[in-house]
Amino acid sequence: MNSDEHLREPAARVRVRNVRLFQARLLDWFSCAARNFPWRKRHASVYHKIVAEVLLQRTRADVVSGFLPAFLERFPSWAKLAHASEKELGAFLQPLGLWRRKATSLKKLASELAPRKGRFPRNRVEIESLPGVGQYVANAVMLFCHGEAEPLLDVNMARVLERYFGPRTLVDIRYDPYLQNLARRVLRSTDAVSLNWAILDLAALICISRKPRCGEGPLAAGCLHGRKVLGDIKESVISLPGSGPLQCVVRG
């Protein structure tokens with residue numbers, strides 16, 4: 001057995017029942033708790049979605065949500081983006097984080113896609129060879145453009161998956177075989193788009209980085225981290241003389 005096969009074993013050992021329970025409970029929660037963003041609208045085009053994914057890198061979704069409509073009005077297509085100068089793009093993107101990098105990425109990508117009338121290659125290797133396209137954006141293209149069940153795997157999705165199923169082995173999520181394989185197993189669904197968004201919404205609203213709200217979420221009963229957090233809270237329940245149990249939640 002080589003080292004890569006050894007690293008893949010933990011994801012393979014995750015029970016099918018656990019994955020299905022995760023999917024079902026999360027999608028049920030998402031049906032009433034989903035966040036409302038322009039790129040999630042039914043009429044949103046592939047262009048809208050891919051531009052949004054580029055802008056979302058290192059920038060909060062609510063910030064991009066407020067910014068995107070004006071951006072799409074100014075640059076409504078790959079062709080319009082391609083004709084804009086990098087300086088013009090940078091000035092427009094300045095309210096966002098990493099605006100210089102995003103301006104460069106969008107300009108180069110638009111210059112490639114405008115002559116192709118916005119059509120992305122079908123082959124993943126060709127997609128990743130496009131300027132400004134790394135693993136995350138390539139996954140977004142495969143998901144939104146070609147209907148493939150690819151994960152929008154960033155640090156937020158990684159946090160949810162690791163807390164629920166167990167931690168990864170490597171520091172960089174892009175190269176961790178366990179996390180990459182696990183994310184694809186979890187996204188194997190008839191509605192991979194909604195499942196992606198559901199995981200990201202849970203990460204933003206419930207499974208936050210510090211002080212997660214495990215008791216308010218749909219997954220606590222099956223979550224490794226959630227059971228520990230709720231177990232620690234349960235252990236802190238005390239009884240005062242002449243009163244019923246009082247929950248003492250230790251913060252900080």
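Every heavy atom of this structure was used, including side-chain atoms; hydrogens, water molecules and symmetry mates were not. The structure displayed is predicted, hence computed values, not measured ones.
The distance from the OG atom of Ser45 to the CH2 atom of Trp78 is 9.0 Å, given to the nearest 0.5 Å.
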Evaluation steps, side chain to side chain contact (heavy atoms under 4.5 Å, CB included), between Phe71 and Leu81: CA-CA 10 Å; Phe71 183 89; Leu81 262 182; 3.8 Å; yes
Stepwise side chain to side chain contact (heavy atoms under 4.5 Å, CB included) check, Leu195 with Phe30: CA-CA 8 Å; Leu195 197 50; Phe30 182 70; over 6 Å; no
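The side chain to side chain donor-acceptor pair (under 3.5 Å) check on Lys49 picks up nothing, with sequence neighbours excluded. Residues meeting the side chain to side chain contact (heavy atoms under 4.5 Å, CB included) test with Arg74, sequence neighbours left out: Glu88, Phe92. Judged as a side chain to side chain contact (heavy atoms under 4.5 Å, CB included), and not counting sequence neighbours, the contacts of Ile208 are Arg213. Annotation: side chain to side chain donor-acceptor pair (under 3.5 Å) contacts of Arg163 (sequence neighbours excluded): none. Checked against ring-ring contact (aromatic ring centres under 6.0 Å, His included), Tyr136 has no partners two or more places apart in sequence or in another chain. Remark: Trp39 engages Phe37 in a ring-ring contact (aromatic ring centres under 6.0 Å, His included) (not counting sequence neighbours). Applying the side chain to side chain contact (heavy atoms under 4.5 Å, CB included) criterion to Asp172, with sequence neighbours excluded, gives Arg174, Tyr175.
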For residues 105-114, please give each side-chain donor-acceptor pair under 3.5 Å, one per line with the distance, not counting sequence neighbours.
unit_1	atom_1	unit_2	atom_2	d
Ser105	OG	Arg101	O	3.0
Lys107	NZ	Ala82	O	2.4
Lys107	NZ	Ala84	O	2.7
Ser111	OG	Lys107	O	2.9

Donor-acceptor pairs are to be reported for all side-chain atoms of residues 197-207 against protein atoms at under 3.5 Å, with residues two or more places apart or in another chain.
unit_1	atom_1	unit_2	atom_2	d
Asp201	OD1	Arg35	NE	2.7
Asp201	OD1	Arg35	NH2	2.9
Asp201	OD1	Arg40	NH1	3.3
Asp201	OD1	Arg40	NH2	2.8
Asp201	OD2	Arg35	N	2.9
Asp201	OD2	Arg40	NH1	2.9

Donor-acceptor pairs are to be reported for all side-chain atoms of residues 18-26 against protein atoms at under 3.5 Å, with residues two or more places apart or in another chain.
unit_1	atom_1	unit_2	atom_2	d
Gln23	NE2	Val186	O	2.7
Gln23	NE2	Arg188	O	3.2

Solution key, residues 119-126 side-chain donor-acceptor pairs under 3.5 Å, sequence neighbours excluded:
unit_1	atom_1	unit_2	atom_2	d
Arg122	NH2	Glu148	OE2	2.8
Asn123	OD1	Val125	N	2.8
Asn123	OD1	Glu126	N	3.1
Arg124	NE	Glu128	OE2	3.1
Arg124	NH1	Asn139	OD1	2.7
Arg124	NH2	Glu128	OE2	3.0
Arg124	NH2	Gln135	O	3.4
Arg124	NH2	Asn139	OD1	2.7

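Glu73 CD: 12 or fewer foreign heavy atoms inside a 6.0 Å radius. Around atom NE2 of His83, no more than 12 heavy atoms belonging to other residues, nucleotides or ligands sit under 6.0 Å away.
Looking at heavy atoms from C-beta onward, Leu187 lies out of side-chain contact with Glu150 at the 4.5 angstrom threshold. Side-chain contact between Asp154 and Met157 is present, with at least one heavy-atom pair separated by less than 4.5 Å. In this structure the side chain of Lys41 reaches within 4.5 angstrom of the side chain of Asn36, judged on heavy atoms.
Both Val46 and Val137 are members of a single hydrophobic cluster when ILVMFWY side chains are connected at heavy-atom separations under 4.5 Å. At a threshold of 4.5 Å between side-chain heavy atoms, the hydrophobic network of Ile, Leu, Val, Met, Phe, Trp and Tyr places Leu219 and Trp29 in one connected group. Phe165 and Leu224 fall into different hydrophobic clusters, where Ile, Leu, Val, Met, Phe, Trp and Tyr side chains are chained together by heavy-atom contacts under 4.5 Å. Residues Leu152 and Leu98 do not share a hydrophobic cluster, defined by chaining ILVMFWY side chains whose heavy atoms lie under 4.5 Å apart.
Residue pairs meeting the salt bridge (charged side-chain N to carboxylate O under 4.0 Å, His left out) criterion with at least one member in residues 214-225: none, sequence neighbours excluded.
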